[in-house]
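Given the structure is predicted, the values throughout are model-derived calculations rather than measurements. The figures that follow rest on heavy atoms only: side chains count, while hydrogens, waters and symmetry mates do not.
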2 protein chains.
Amino acid sequence: MAAGRPPTMRDVAAHAGVSVSTVSRVVNAERYVDAATREKVEASVAALGFLRNESARTLRPGQRTATVALVVEDLTNPFSAELAHGVELVAAAAGYVVLLLSTGRDAAGERDEVREQEIVAELLRRRVDGVLVVPGADDAAGRYAALAERAPVVFVDRLPRGVRGDVVLLDNAGGSRRLTGWLVDRGHRRIAYVGGDRRSGPGAKRYSGFRAALKAVGVPEHRELLRFGRRSSEEARTATGELLALPDPPTAVFCDNNRMTVGALLAVHRAGADVVVAGFDHVELAEVLVDRVALVTYDPVDVGRRAAGLLVERLAGADVAPRKITVPVELAEFGNR
Amino acid sequence: MAAGRPPTMRDVAAHAGVSVSTVSRVVNAERYVDAATREKVEASVAALGFLRNESARTLRPGQRTATVALVVEDLTNPFSAELAHGVELVAAAAGYVVLLLSTGRDAAGERDEVREQEIVAELLRRRVDGVLVVPGADDAAGRYAALAERAPVVFVDRLPRGVRGDVVLLDNAGGSRRLTGWLVDRGHRRIAYVGGDRRSGPGAKRYSGFRAALKAVGVPEHRELLRFGRRSSEEARTATGELLALPDPPTAVFCDNNRMTVGALLAVHRAGADVVVAGFDHVELAEVLVDRVALVTYDPVDVGRRAAGLLVERLAGADVAPRKITVPVELAEFGNR
DNA sequence: CTGAAAGCGCTTACAG
DNA sequence: CTGAAAGCGCTTACAG
């Protein structure tokens with residue numbers, strides 16, 4: 001398991017009978033190396049199983065670590081996982097390796113700011129070339145500003161206030177508007193809303209799209225049908241159950257994200273209620289659960305690919321103003337009825 | 001964005017009026033530093049925003065990179081994603097950072113051995129302290145042997161032939177046996193099998209558990225009811241559809257993994273067939289789709305935690321024979337009937 | 001085309 | 001308790 005120290009360029013040089021500089025040139029595929037010399041060195045590299053120590057290379061000023069970091073809250077979320085996959089694809093193709101860090105939540109479900117600070121310091125210590133962040137909140141400015149000063153940062157899904165950086169967002173407001181419009185077009189007037197945080201980030205945009213769509217056609221928003229701050233599918237199920245039990249229940253439920261949709265689907269299915277479920281994010285098997293479902297979907301892998309693309313461009317020297325990409329979303333309709 | 005070179009220990013030393021050695025001692029929290037000196041240095045560290053260059057530290061022989069790598073085939077798979085989360089939790093707690101690499105598959109769905117070789121080389125170049133691998137095949141020996149010689153490797157989900165290393169497996173055979181037994185106990189005699197590769201890895205164990213359970217109670221295996229080599233839920237759905245259309249259809253379908261289960265659930269649901277679905281892996285909402293379902297479940301996050309735990313122990317110096325952990329699985333039963 | 005030498009930012013014996 | 005010096009494994013001007 002511990003097989004001595006790995007061979008160094010010095011070992012290769014000795015083996016090939018050349019200088020260390022020459023080995024370096026060969027390893028770096030530089031020009032101006034005699035073909036015969038090159039072959040000799042390559043033979044020694046192979047014979048010794050030499051692999052250049054990247055830490056040593058990196059030490060020289062101007063040298064890159066060829067490392068990018070991806071900071072997410074929780075990889076358990078399918079959005080983050082697929083995003084990470086897209087990031088890895090593009091990063092690897094461009095010669096970067098991905099460092100994965102999750103910020104997590106503390107026991108109370110609150111953001112762990114100490115951990116976030118520590119992550120930022122760690123990335124700085126490791127001199128990563130660039131960072132992709134899916135921020136947990138809009139107020140992360142202070143935390144990521146120090147990072148953004150030293151390395152390009154691309155934000156995904158939300159842009160913290162006051163930080164400079166490229167950003168990749170979903171068309172949250174537009175998607176919500178279309179989804180709500182779809183319900184209204186089908187005659188729904190009492191539409192419930194089950195969601196998480198309505199104050200910031202994607203949740204805020206989704207709620208604003210919902211309101212805008214209702215307002216545009218003069219359909220009233222019923223305050224008693226709005227449920228915010230739900231964090232899990234269980235909480236969404238309970239909330240939806242309560243809504244269905246109302247004297248004048250909704251005819252449709254708008255769900256803010258996939259956990260909300262899962263909860264709502266369960267509640268509607270169990271109640272055997274004649275209610276349409278409309279949700280943001282893809283939910284597997286949704287269509288067979290409830291008579292009629294509409295979902296706003298998009299490809300998280302693509303979000304990751306685009307975000308990594310922006311970062312790679314920055315690292316390649318694109319010296320332009322911060323850019324913003326809005327990934328389009330699609331409305332998919334399912335149902336037996 | 002590019003704010004000059006970051007401060008070095010030399011800058012801190014000058015600022016604090018001490019030597020570089022002293023700065024190093026303070027930064028490394030060594031003893032034998034005068035309290036006043038320490039404070040002075042800490043003040044300078046803070047003033048300059050010094051963060052020790054980890055590449056430079058690493059260069060010294062015997063110094064660790066505090067980096068572990070996780071190699072998976074595809075993070076899109078929820079198993080890998082949750083596993084990665086478990087790994088990250090334990091690694092971070094132990095002071096390691098996680099490098100994420102996916103091997104992927106080529107266009108034809110075949111393993112990309114060149115990419116795997118390149119990943120191994122990359123990890124060696126970066127001098128990672130240890131590696132967690134979810135191998136794509138049993139014959140990966142040659143590929144990971146070079147790695148295992150230089151750094152501890154923990155294999156997850158399958159152990160390639162001929163490689164030394166710790167391994168964390170699921171109780172595949174046991175889970176399959178119980179699941180099959182559950183079906184037999186309920187009177188099923190014509191049980192279909194829909195699965196992927198039956199030759200190696202988890203698939204082989206699951207199939208052998210299935211056979212063993214049938215054999216134990218003298219229930220015959222019906223060759224016309226076995227479908228292997230299915231790779232997606234679509235392929236599983238088609239296969240299940242065919243099985244249901246047989247003149248003498250099965251009364252239950254055993255599914256090898258979650259994609260198979262999703263496909264089978266859809267097929268049974270659409271056909272309105274009175275068939276029980278039994279599957280390995282958790283499937284969200286499975287219970288509301290089909291009248292009766294049994295699933296073998298486990299916690300992939302826990303698998304990741306345990307694998308990372310083994311690795312961290314190795315890195316802490318545990319010099320013991322290769323260890324094997326088998327993560328238990330649970331049988332969960334759902335249904336309206 | 002090739003080599004000797006300096007230097008990247010740290011850590012670590014070795015003195016004191 | 002503190003500092004001067006050597007050295008980790010590379011890269012890169014500078015000569016030749």
Side-chain angles (χ1 to χ4, degrees), chain A residues 4-42 44-45 48-67 121-122 124-129 150, chain B residues 4-42 44-45 48-67 121-122 124-129 150:
Chain A
R5 218 175 288 311
T8 68
M9 277 198 181
R10 189 131 68 105
D11 300 326
V12 175
H15 187 274
V18 300
S19 75
V20 170
S21 330
T22 298
V23 175
S24 175
R25 292 194 187 98
V26 171
V27 169
N28 287 295
E30 283 175 27
R31 283 169 306 179
Y32 308 127
V33 180
D34 183 80
T37 309
R38 179 182 302 282
E39 276 178 36
K40 218 167 38 178
V41 172
E42 280 168 351
S44 299
V45 164
L48 301 180
F50 170 76
L51 287 166
R52 189 232 265 129
N53 182 326
E54 291 299 301
S55 295
R57 180 186 58 70
T58 293
L59 206 47
R60 214 96 221 292
Q63 288 275 352
R64 298 242 171 115
T65 55
T67 307
E122 185 67 41
L124 255 13
R125 279 193 292 263
R126 289 180 182 254
R127 306 291 194 261
V128 297
D129 296 328
R150 296 238 154 253
Chain B
R5 217 175 289 311
T8 68
M9 277 197 181
R10 186 130 70 103
D11 301 326
V12 175
H15 188 273
V18 299
S19 75
V20 171
S21 329
T22 299
V23 176
S24 175
R25 291 192 188 99
V26 171
V27 169
N28 287 296
E30 283 175 27
R31 283 170 306 180
Y32 307 128
V33 179
D34 183 81
T37 309
R38 179 182 302 282
E39 275 178 35
K40 218 166 40 176
V41 172
E42 280 169 352
S44 298
V45 164
L48 300 181
F50 170 76
L51 288 166
R52 189 231 266 129
N53 182 327
E54 292 297 301
S55 295
R57 180 187 57 70
T58 293
L59 204 48
R60 214 98 222 293
Q63 289 276 351
R64 297 243 169 114
T65 55
T67 307
E122 185 67 40
L124 256 12
R125 279 194 291 264
R126 289 180 182 254
R127 307 289 194 262
V128 298
D129 296 327
R150 295 238 155 254

* Asked: If only atom types and distance count, is the side chain of B:N28 paired as donor or acceptor with the main-chain N or O of B:E30 below 3.5 Å?
  -> no

* **A:R52 side-chain N/O to D:dT11 phosphate OP1/OP2 under 4.0 Å** => yes

* Structure fact -> Winner on side-chain proximity to B:V33, out of D:dT2, C:dT12, C:dC10, is D:dT2

* Asked: Do B:R57 side-chain atoms and B:R64 backbone N/O form a donor-acceptor pair below 3.5 Å?
  -> yes

* Asked: So, is B:S19 close to the D:dA4 phosphate, meaning a side-chain N or O under 4.0 Å from OP1 or OP2?
  -> no

* With a non-hydrogen cut-off below 4.0 angstrom, is A:R57 in contact with a base, only sugar-phosphate, or nothing? -> sugar-phosphate

* **Interatomic distance, A:R64 CZ vs D:dT11 C1' [rounded to whole Å]** => 16 Å

* **Whole-Å distance separating the CG atom of B:L124 from the P atom of D:dG9** => 15 Å

* **Euclidean distance, atom CD of residue B:Q63 to atom C1' of C:dC10 [Å, nearest integer]** => 9 Å

* To do: Please check if any side-chain donor atom of B:R25 sits under 3.5 Å from a side-chain acceptor atom of B:T37, or the reverse.
  => no

* For D:dT11, does either OP1 or OP2 sit under 4.0 Å from a side-chain N or O belonging to A:N28? -> yes

* **Trace of the side-chain contact (heavy atoms from CB on, under 4.5 Å) decision for B:K40 with B:E42** => CA-CA 5 Å; B:K40 218 166 40 176; B:E42 280 169 352; over 6 Å; no

* Asked: When all nucleic acid strands are considered with a 4.0 Å heavy-atom cut-off, which category describes A:T8: base, sugar-phosphate, or nothing?
  -> sugar-phosphate

* To do: Round to the nearest Å and state the distance from B:Y32 atom OH to D:dG3 atom C1'.
  => 18 Å

* May I have the distance from A:L59 (atom CG) to D:dT12 (atom C1'), rounded to whole angstrom? => 13 Å

* **Criterion side-chain contact (heavy atoms from CB on, under 4.5 Å) on A:V12 and A:V41, from CA distance to verdict** => CA-CA 7 Å; A:V12 175; A:V41 172; 4.3 Å; yes

* A:T37 has a side chain; which of D:dT2, C:dC1, D:dG9 sits nearest to it? -> C:dC1

* Structure fact -> Between CE of B:M9 and P of D:dT2 the distance, given in whole Å, is 15 Å

* Structure fact -> Regarding the side chain of B:E30, the nearest nucleotide among C:dT12, D:dT12, D:dC10 is C:dT12

* Structure fact -> Separation of D:dC8 atom P from A:R5 atom CZ, nearest Å, is 9 Å

* Asked: Does A:S24 make a side-chain N or O approach to OP1 or OP2 of D:dT11 shorter than 4.0 Å?
  -> yes

* To do: Could you tell me the separation between the CZ atom of B:R25 and the P atom of C:dT12, rounded to a whole number of Å?
  => 10 Å

* To do: Describe the nucleic acid contact of A:E54 in one word from base, sugar-phosphate, nothing, applying a heavy-atom distance below 4.0 Å.
  => nothing

* Pick the nucleotide of DNA chain C nearest each of B:V27 and A:A56; which residue has the one closer to the 5' end? -> A:A56

* Asked: Which is true for A:V18 with a 4.0 Å heavy-atom rule: it touches a base, it touches only sugar-phosphate, or it touches nothing?
  -> sugar-phosphate

* Asked: side-chain contact (heavy atoms from CB on, under 4.5 Å) between B:T65 and B:R126: does it pass, once the steps are laid out?
  -> CA-CA 8 Å; B:T65 55; B:R126 289 180 182 254; over 6 Å; no

* DNA chain D: 5'-proximal contact among A:N53 and B:G17 (nearest heavy atom) -> B:G17

* To do: Would you please confirm or rule out a distance under 4.0 Å between OP1 or OP2 of D:dT2 and any side-chain N or O of B:S21?
  => no

* For C:dA15, the Watson-Crick or wobble counterpart (both distances under 3.5 Å) -> D:dT2

